[in-house]
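Working notes, structure below.
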There are 2 protein chains.
Amino acid sequence: MTQNIGRDTAPTIADVAKLAGVSRAVASRALSNEPRPVSADKRERVVEAAARLGYKPNLLAQSLTTKTVNLIAVVVNHIHDLSDLDLFDRLLDQIQSIGKQVIMIRIGSVARVEEFLRNGVAYHVDAALVFSDFADAPTVRRMFRSDLVVMLNGLHDDLSPVVMPDEGSGIAEAVANAAKKGVKRAGLVTGRSSSPMEQARIGFYRQAFTKNGIELVHTVQGDYSYESGHAAAKELAGADCPDAIFCTSDAMAMGILDVCRADFPGNRPTRFRLYGFDNLSLTDFDAYPISSIGYDKSVYVEHIVDFIANPGDFHPGQPPVIVPTTYFPRLTA
Amino acid sequence: MTQNIGRDTAPTIADVAKLAGVSRAVASRALSNEPRPVSADKRERVVEAAARLGYKPNLLAQSLTTKTVNLIAVVVNHIHDLSDLDLFDRLLDQIQSIGKQVIMIRIGSVARVEEFLRNGVAYHVDAALVFSDFADAPTVRRMFRSDLVVMLNGLHDDLSPVVMPDEGSGIAEAVANAAKKGVKRAGLVTGRSSSPMEQARIGFYRQAFTKNGIELVHTVQGDYSYESGHAAAKELAGADCPDAIFCTSDAMAMGILDVCRADFPGNRPTRFRLYGFDNLSLTDFDAYPISSIGYDKSVYVEHIVDFIANPGDFHPGQPPVIVPTTYFPRLTA
DNA sequence: CTGTTAGCGCCTTCAC
DNA sequence: GTGAAGGCGCTAACAG
């Protein structure tokens with residue numbers, strides 16, 4: 001700590017003011033990002049004093065008076081799914097680019113939510129982005145004492161902003177593609193059906209099947225994971241195999257592909273066509289050329305960050321912001 | 001905000017005290033986690049008042065007096081690599097389990113570091129965990145005004161604690177395995193050689209090759225990515241193909257495997273054996289049964305969290321905490 | 001333009 | 001066991 005000789009504690013704005021020979025208020029103004037009235041020479045002296053002392057403002061103390069911490073809570077179940085990788089990096093980058101930082105909160109289980117509420121481990125963040133489906137909008141607003149919670153888990157009410165993919169469009173495209181290729185009998189591999197988003201997704205598939213004259217001959221429940229796809233493959237790809245298998249996650253489709261790889265010589269389907277969901281970047285790897293459904297993650301993240309950058313733009317009751325999904329053809333279909 | 005009628009602002013400890021009919025000091029003591037002298041009946045009244053108001057302490061204001069925010073900065077280049085997935089979830093979970101929260105800081109580029117330093121976008125966190133190799137120990141200590149920075153990027157000095165895998169042990173094992181199988185000529189695919197950790201890693205390979213009488217016939221530089229593995233394959237697996245190819249990341253090995261899949265019928269090597277590094281959970285997928293080198297992530301994370309839970313245990317000059325790596329045989333070798 | 005004053009919400013002496 | 005008072009670091013409001 002060469003820049004702070006004789007003190008064992010970090011320099012405060014008072015130290016800077018003293019060294020520059022001005023009042024604390026002037027020092028504060030000189031160091032502010034906003035334009036504030038300070039004479040040129042004093043500003044210079046303050047800036048130099050700050051540099052000499054290695055002064056860094058205590059953003060937490062600052063927040064006490066300004067009522068804004070520049071902190072965004074991102075609430076997730078866990079960071080485990082392959083699709084997370086594609087999303088969170090963009091999200092971090094975008095949020096930081098508007099001058100805010102991210103507190104990552106991993107819920108893990110419902111018990112954890114209650115623990116948070118009980119222990120009051122709640123920061124007064126500017127906004128919360130909720131991917132976890134363990135908490136609904138009112139709960140999250142209470143957790144963070146903030147009305148600005150962007151719900152991304154399907155559990156929204158109309159008091160808080162919402163960004164959501166329109167899964168229907170991509171699903172319709174994918175199923176139409178299958179129909180065009182002569183698919184008559186389909187299998188469907190789903191995730192946790194307790195989730196409202198998953199319910200809606202399944203509804204879109206059924207609807208599209210009906211519209212295209214495809215019969216849904218078999219439904220298997222998985223949990224979005226590769227392993228559950230593995231298991232589902234044994235049930236589905238038996239003697240009475242459907243013409244196409246649709247999965248509500250790419251990971252499950254990967255599991256199926258690995259079990260049935262012999263049915264895809266040169267990655268071209270023979271016995272059945274395979275469709276995933278998420279459009280993971282992993283589907284660009286040669287081993288998993290899975291036709292999938294996805295949306296533009298950049299656009300999605302931009303909408304989210306818009307809400308936290310311009311909180312005033314949202315008015316209760318406003319309809320959700322919708323991001324369209326599309327079909328991404330690859331070798332398995 | 002039914003619990004807060006007539007006020008548009010969150011309840012403070014003063015509100016609780018007033019409602020309970022006690023002084024702010026008593027309210028503070030009653031709500032404290034530490035045992036503090038308060039009469040039983042007053043404590044009860046305070047607790048009830050807090051519940052009725054839906055009071056949650058402002059942890060940031062609290063930090064002003066207690067000098068501890070329960071905030072840990074995790075500094076990364078980006079969250080992009082597949083190996084990140086296996087690590088960060090555990091890390092988040094462990095840190096939260098000691099009652100602290102994580103603020104994720106993505107550096108992205110060297111320019112960003114300087115931006116951080118210039119703008120003072122630095123919270124007074126309790127500790128910083130540094131995975132990014134864009135910042136060295138003194139820089140990070142300055143960024144966060146904290147001496148407790150755990151360096152995990154190879155850029156440590158002895159003023160701050162260090163946890164690092166002993167990559168030598170796993171590499172020695174893997175190379176010995178190759179030698180036992182008759183490998184005489186090896187290829188090596190590396191990552192960014194500017195990183196000191198990568199330099200050390202390469203050194204371990206060379207050393208092991210020498211010890212086992214294996215000749216290093218070809219080195220190709222990649223960047224840890226799948227794509228760079230793809231590119232490297234074309235250079236390496238030509239006419240003069242080595243008996244074994246070692247990669248300093250599993251993703252690169254995956255790229256090579258995909259290009260040369262014909263050389264691994266039934267995932268068994270014919271022309272050359274293939275070794276990766278990281279022991280990604282993805283190598284448990286059937287399509288990428290890559291023999292790899294890795295360490296116990298749980299143990300690694302436990303050591304890190306130990307340091308932040310018991311900061312007093314570290315003394316400057318203390319040697320790094322070492323986590324051993326081992327060889328994980330799979331089909332490609 | 002400048003300095004003084006008064007808080008933000010909380011905790012900790014220190015007397016009682 | 002209790003309450004009053006002071007201060008953490010900072011900035012907004014107000015006089016000058």
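Everything numeric here is computed off the predicted structure, so don't read it as measured data. Reminder, nothing fancy here: chain letters follow the sequence lines and each chain counts from 1.
- Between the side chain of B:D126 and the main chain of B:N70, a donor-acceptor pair closer than 3.5 Å is present.
- Side chain of B:D89 to backbone of A:I79: a donor-acceptor contact under 3.5 angstrom is found.
- A donor-acceptor distance shorter than 3.5 angstrom exists from the side chain of A:R45 to the backbone of A:A20, with no hydrogens or angles considered.
- Between A:R45 atom CZ and C:dG3 atom P the separation is 9 Å, expressed in whole Å.
- Each of B:D41 and B:L64 was assigned the nucleotide of DNA chain D with the nearest heavy atom; the assignment lying further toward the 5' end belongs to B:D41.
- Looking at every heavy atom in both residues, A:A135 comes nearest to A:L155 through O-CD1, 3.5 Å.
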Starting at the 5' end of nucleotides 10-16 of chain C, put B wherever the base has a protein heavy atom under 4.0 Å, S where only the sugar-phosphate does, and a dash everywhere else.
-> BBBB---

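- Here C:dG9 presents its C1' atom at 8 Å from NZ of A:K67, a figure rounded to the nearest Å.
- For the pair B:L31 CG and C:dG9 P, the computed distance is 16 Å after rounding to whole Å.
- Other residues, nucleotides and ligands contribute more than 12 heavy atoms inside 6.0 Å of the CD atom of B:Q318.
- B:K42 has a side-chain polar atom (N or O) that falls below the 4.0 Å cut-off from OP1 or OP2 of D:dT2.
- A salt bridge is defined here as a Lys NZ or Arg NE, NH1 or NH2 lying under 4.0 Å from an Asp or Glu carboxylate O, and B:R90 with B:D296 fails to meet this definition.
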